[in-house]
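Quick notes on the structure that follows.
Naming convention: chains lettered A, B, ... in sequence-line order (proteins, then strands); numbering from 1 in each chain.
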Amino acid sequence: RDFNERCAQCSEVNWGLTDGGRFYCRSCHNVTERTREVVNTDFVSNARIQTISKGLRKQEKTDGGCEWYVCEGFQLVLKKQAEALEALGVCPQMKDEILCNFWRRYLQKTKQAYCNRPAGETVRAFSVCDSSTDVDSELERPSLLRLLSLSESEGDLQTDCSFASSISKISESTSVYSGSVDGSLYLMKNRKEKLRMTMPMTLSFCYMALLWLREPMTLSDLLRFVVEGHIPYLNVFQHFPEKMKLYGVDLKIFCVESWPVYEEVYNKMLELAAFLELPRFPDITDSCFLHPDMLCMKYLMEVNLPDELHNWTCRVVKKTCIGEADFLTLVPGNKSTRNVKYDVLAAAVIVVVLKLLFLLDDHYEWLLSDFAEERNKNNKEGAPYFEFKKWYKVIKCSLDSKQKKLDEERAKYLWRCEKPLFYSDKKKSKVLKRRQMVVNLQNQFGKLSGSVQPAEKPNPSSFQFTWSEENTDGSCFYGHSLKGILQEKCGLLTTMNPHYWLCTVKLCNERMCGHLAHYREADFPQSYHFVLRLFSFLLRIQPSYIHDEVCVIEHKLFHKKLRKKPKCNAGLRK
Amino acid sequence: PSHEYKLNFKKSKEVCLSYIQDAMLQKQWKRAAEFLTFYIESLEKDFSTEYMGPSEMIWRIGTEILCHHSNSSMKEFNSFIEQMKTLGVKRYLKVCLEHAFHLLCNGLIDEAYQNLSLAESWRFGEQTIIQNKELKLIQAYRGLLDYYSWCKQKNILLEHGQDGFEDLSVEQEMHSCFRKAAVSLKEIIEIPGVWDLFVKCYVDLLEFYGDHNEARQVLNEYAYNSKFPANPNAHVYLYQFLKRHGESKKSLISALKILHDIVPSHELMIDFNIMLQKSKKRKKRRLGLEVIFAALDYAGWKENVKAWSCLARQVKQIVMSEKHLDWIKQEWNSRKDWWPAFHFSCYLAKRNWQENESLSYEKALVAGILLGKDCKYFKYISHQGCKAQVKRFRILKKFVNKHSPVYLRISS
């Protein structure tokens, strides 16, 4: 697309990309050696400026650093994240095409309002980072930023002397110390700029790309991988090249000191999609991983519930119409539809199904379990009947131990990396001394910790709980039958439980108080809380988010009844 | 516990600290050390203005762990503390001081001395003034260790003296220790505070070199200067000093008077009562009675034969002289409601007789006078005593019977 050379064989300009990322001529299928490098991270010091502005030398960097802009830093971050995702099995298209296209679009959109430049200054400062020293062969190595400048300007890079001075103007106007050229500017004028790039936003970009490709990774999966260290986020600057020095304000931009928050990343993603004026995303159909039918299957497996429950989740999905592509697919900028959090949605569906079958009022589910237990005594052939009590015990035990482990990991989380950061040169020696002391102390007390080895990063896994049907201790419930709690009525299998209680009679106005419902543990049955806690752990979000979604689904499911009786009480007969 | 899935640096270190705390409370030192390793990186974010920041936390926690952990050695501890000293200038002297304490507790007296001397010579601009208190303490403890050396030299000298040796170098050493110790000890004692050990040592030095005036002055200051917190020991030291130097009863009594006011249950109250009883002045004798009654108000004296014998003697003397019965009446007035159950119950009668005949004798005398011959305690004891044909109990019985009208006058 951006490659404009003529083909050596047929002289056409009609290029495509092979799987290996090489250009090939569509007319004659000649494969070139040229590879597409969209994200150019090569840094050569700004030879260009020096050749052009001989008199106007920029402040010399004595530490061997080069000039770099904040957005270049973020570009690097995104590249690293994309590589990590690829290593996790995401298709390469994500990195090579989707993500970089989104990023480019972002740069385009923001560059127009990016620099608050005094009159006369041009934006072409960005074309400085050009790998080519040969002025003529501009097409030699297509760098992303150069492409930008080419598309924007009729730019005569050679004769435009103003950008050299504009650069020095930028750095002179800033009194704050930063390794990047525009670090302080970046933070200063952000008030007007709605979508200033941040570290959490890099994850929004990633998720957006994953969603576009309908990759089998939910947002909660992504964030969990980040926390577990499989995707660069914390201390990602250690992958910056040596010449790219981080000082002062840069630290505020690139240093992360908190785990990414689901809501924040998600909402930013929506904002971003709208800002970039993206079209409707590819449809989420029932063969997609993110479709509730599929996700429910996955989560049912993960929480060790019988396969038969899948029929029920599908029924609920169908009845509430949440399996429709129109409902599930993201249309950026569309404020009238509520946006879908696929993982939360699937979890909520399962919770609703459990409520349908077991009521979960701290009473009925145990009765039902005893009943199933009785029937199991006579049920020696075929699959055993599912007993809620047994399942509860197994799951609780697992959940508690995993939760305890997670809590300890939180306490043991290490935020600092080997590459030390200093705010300014003056502080450098002090920081290094401190670091040395920290390392010494860590060693000293590490030896006293006994034989505890530093925890190895666990292998990234999509599943946090695994159950094996080969275990003879009966701790795997996949094959268990729901017959124990179902009855036949009019030829249909229906639940023995005739009741249902709504989590809330009326939904709140999300815009006013930020939530659709308000969850307080004490107000609800313990079994319900347990189930929420289970999914809360899986998805690493607060139970109230799942509860909100449960309320919405319930209202969809029972909306007819709710509309009929505006004053109905919380209990309903199905 | 609310399981939050959000986390930031500050929160994660707070959580880490709570794990350390739990482990320490349960004496799981390995686990505490493990979590401490994860806490340590908060030193790199130590911009805190909190009361207790990460560096102080690490110092305190690390010290605890190293003290108790089975695998840690003195060498490791020392190296750790040296690092802690460089961590915070504002805390430098405090760390030095506590380090010295730790060394002393482990019997490393020479190392402690070196540390204190080094710390004493530390200068750091404004900080030296701000940390003045710690500096003074360091000097004082260093002085104390000088005293300790002095004692050792003295003992050597005495030994050699016995053997007929003379040792000039030891003597000189001793005197030099004395000088160093005296200066520091004197300085710390001048600051209002509780300096019992320092005072004792200083006085010891002064007495040895014959400077009794200085010693007396120091002790007087320590006991009577209102700027100093009320300290019973100050009066005890003064009293002991006066006694050693054969001072007059008057001064001894005045020294103990305040002790009685502060600590009526002090063990010296017996000595005090004995002195007062013997006094020719009526007021003093009256005071004596008050003192011994007050002492016996305390449970710790219940079975103190000496105390009871003092009281018995005085009561007996008063009864026999038939003068000042009102003294007994006054003292008994506030006690008659609860002393019977406290001291003279039937249970105690049996027990006292079983365990300690002398005790029961003295108590019976007092009971007989205060509660009359019909009181259960007296009756039981005198009966038992006569049955056992112990002569003095027969005498006792006669005595109490003879003076039984006294009871009536006391109790009315």
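- Between chain B and the residues Val439(A), Val431(A), Leu414(A), the largest count of heavy-atom pairs under 4.5 Å involves Leu414(A).
- Among the candidates Gly62(B), Ser72(B), Ser12(B), Ser18(B), the residue making the largest number of heavy-atom pairs closer than 4.5 Å to chain A is Ser12(B).
- For Leu36(B), the part lying near chain A is the side chain, with the backbone staying farther off; criterion is any non-hydrogen pair under 4.5 Å.
- No side-chain N or O of Asp407(A) forms a donor-acceptor pair with one of Tyr19(B) less than 3.5 Å apart.
- Ranked by heavy-atom pairs shorter than 4.5 Å toward chain A, the options Phe35(B), Trp29(B), Phe9(B) are led by Phe9(B).
- Highest contact tally toward chain A, considering only Leu66(B), Ile58(B), Ile65(B), is held by Leu66(B) [criterion: heavy-atom pairs under 4.5 Å].
- Residues in residues 429-450 of chain A take part in these ring-ring contact (aromatic ring centres under 6.0 Å, His included) pairs, two or more places apart or across chains: Phe445(A)-Phe80(B).
- A salt bridge links Glu302(A) with Lys298(A); the closest basic N to acidic carboxylate O contact falls under 4.0 Å.
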Kindly indicate, with the supporting measurements, whether the criterion ring pair (Phe, Tyr, Trp, His ring centres under 6.0 Å) is fulfilled by Tyr545(A) and Tyr262(A). CA-CA 10 Å; Tyr545(A) 291 136; Tyr262(A) 187 107; 7.2 Å; no

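- Of the atoms belonging to Ser79(B), it is side-chain heavy atoms, and not backbone ones, that fall under 4.5 Å from chain A.
- Under a cut-off of 6.0 angstrom, the local environment of CZ in Arg123(B) is crowded, with over 12 non-hydrogen atoms contributed by other residues, nucleotides or ligands.
- Both the backbone and the side chain of Val438(A) come within contact range of chain B, with heavy atoms under 4.5 Å apart.
- Here the options are Arg435(A), Lys430(A), Arg434(A), Lys433(A), the test is salt bridge (Lys or Arg N to Asp or Glu O under 4.0 Å), and the partner is Glu44(B); only Arg435(A) passes.
- Contacts between Phe537(A) and chain B at a heavy-atom distance below 4.5 Å involve backbone atoms as well as side-chain atoms.
- In this structure, the portions of Glu408(A) lying under 4.5 Å from any heavy atom of chain B include both its backbone and its side chain.
- When heavy atoms are compared at a cutoff of 4.5 Å, Leu223(A) does not approach chain B at all.
- The environment of NZ in Lys428(A) is sparse: at most 12 heavy-atom neighbours from other residues, nucleotides or ligands sit within 6.0 Å.
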